[in-house]
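Below is one structure, written out as structure tokens; the observations come after it.
Model, not experiment: these values are computed from the prediction. Remember, it's 1-based here, ligands and their atoms both numbered in the order they're listed.
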Amino acid sequence: MTTPQIYDVLIIGAGPAGLAAALYAGRSRLSALVIEKEKDGGQIVITAEIDNYPGSLEHETGPSLIDRMVAQARRFGAEKVYDAITEAHLEGDIKRLVGKKGEYLGRSVIIATGAHPRPIGCPGERELIGKGVSYCATCDGNFFEDMEIFVIGGGDTAVEEAVYLTKFGRKVTIVHRRDELRAVKSIQEKAMNNTKIHFLWDSVVSELHGDGVLEAMTVKNVKTGKETRIEADEEDGTFGVFVFVGFIPESQLFADQLLLRNGYIVTDEMMHTGIPGVFAAGDIREKSLRQVITAAADGAIAAMEASAYIDGLCLVNEPNPSMVVV
Ligand code: NAP
């Protein structure tokens, strides 16, 4: 059996953080391997429009931005493999990651595993995924051409994607558990100025119904406790429910080795975790602003710190006691 190559840096995840790390690692002449479980891009591949990343094109979509990031990382020599990591051995000078397809060795590791959409968690939801229930407007919006659409959630994602979904649906209703949106004002304004958008305040979805396809949903008013059943229009036979109620960080694999807070990996501002040579970047990190721009910045810093660590120049080579799992 041949011994796997030892890379300078193993990067887990090919979203904006991982790809920026790959770019900066390549520019620092580090050998870098990006390990992606499924599809390049992370959450932004399911984002319809990116208009707050500096230099993004007019009507830039998540997939188009990510395509350019992937090409750029490749240009600087980063290698990529598609594999799901199932074991991470992070201590020691040589880190070892075990995937379903192989084993990977590296002098340092950058964790950029991001987060996945949080489900509502109500009865019927799981059974009706892809049959009316979706977590991706760009992927599934066109299935609801001229139909009714409900968007669950009141944050930036929900409101932005609701605006996008008005391209397809005849009416888009935002169902939010409070009577004011969490989304920032500029995004709220887009929704408020769109005549196709309606609001169902103080409401949560308590059940989704349908035999093979979504046909009805029960919505509960959290203030009065009253439950209302909303049926699909008879002619349509169905409607769309798009769920955007936040994200769950992909950190379970590291829970016994790295310090997590609310599921997010705790790092210092230079992306160091509690284990020397192990860094975290992007949405997986505990931080206040989760955006493409902050993910990319994290990735760049993590790669530069990995380079310093390998050269023995890292200012922080001792584990920070506040980040060590005890
Ligand atoms: P978020 O900010 O966490 O918002 C989640 C929304 O879902 C909130 O309105 C929350 O209600 C609601 N919610 C949570 N759990 C729920 C449940 N079980 N049932 C019903 N509703 C529930 O998530 P996000 O909107 O996906 O945004 C994530 C991050 O990405 C944020 O930092 C955001 O700023 C950023 N983002 C930025 C942009 C942009 O700048 N263009 C676009 C998208 C996302 P409450 O409000 O009552 O808590």
Among all protein heavy atoms in this structure, tell me which lies nearest to atom 27 (O) of ligand 1, with the distance rounded to 0.1 Å. Thr157 OG1, 3.5 Å
Got an N/O contact under 3.5 Å between Gly153 and ligand 1? no
For a quick check under 3.5 Å, do Ser203 and His176 share a side-chain donor-acceptor pair by atom type? no
protein heavy-atom neighbour closest to atom 8 (C) of ligand 1 works out as Arg182 NE, 3.6 Å
Please tell me whether Tyr104 and Tyr7 form a close aromatic pair, meaning their ring centres lie under 6.0 Å apart. no
Identify the closest protein heavy atom to atom 33 (C) of ligand 1: which residue and atom is it, and at what distance? Asp156 OD2, 3.3 Å
Check ligand 1 against Gln291 and write out every atom of the ligand that is under 4.0 Å from a heavy-atom position of the residue. 34 (O), 35 (C), 36 (N), 37 (C), 38 (C), 39 (C), 40 (O)
Close N or O approach (Asn52, ligand 1; < 3.5 Å): yes
Which protein heavy atom lies closest to atom 46 (O) of ligand 1, and at what distance to 0.1 Å? Arg178 NH2, 2.7 Å
Return the closest protein heavy atom for atom 16 (C) of ligand 1 as residue, atom name and distance. Arg177 NH1, 3.4 Å
If you measure every N or O of Gly155 against every N or O of ligand 1, does any of those distances drop under 3.5 Å? yes
Among non-hydrogen protein atoms, atom 30 (O) of ligand 1 lies closest to Arg290 O, 3.3 Å
Assess, by modelled atom type and distance only, whether the side chains of Arg229 and Thr218 contain a donor and an acceptor separated by less than 3.5 Å. no
Return yes when atom CZ of Phe144 has more than 12 non-hydrogen atoms of other residues, nucleotides or ligands closer than 6.0 Å, and no otherwise. yes
Check Val205 against ligand 1 and report side chain, backbone, both or neither, counting heavy atoms closer than 4.0 Å. neither
Does Glu269 have more than 12 heavy atoms from other residues, nucleotides or ligands lying within 6.0 Å of its CD? no
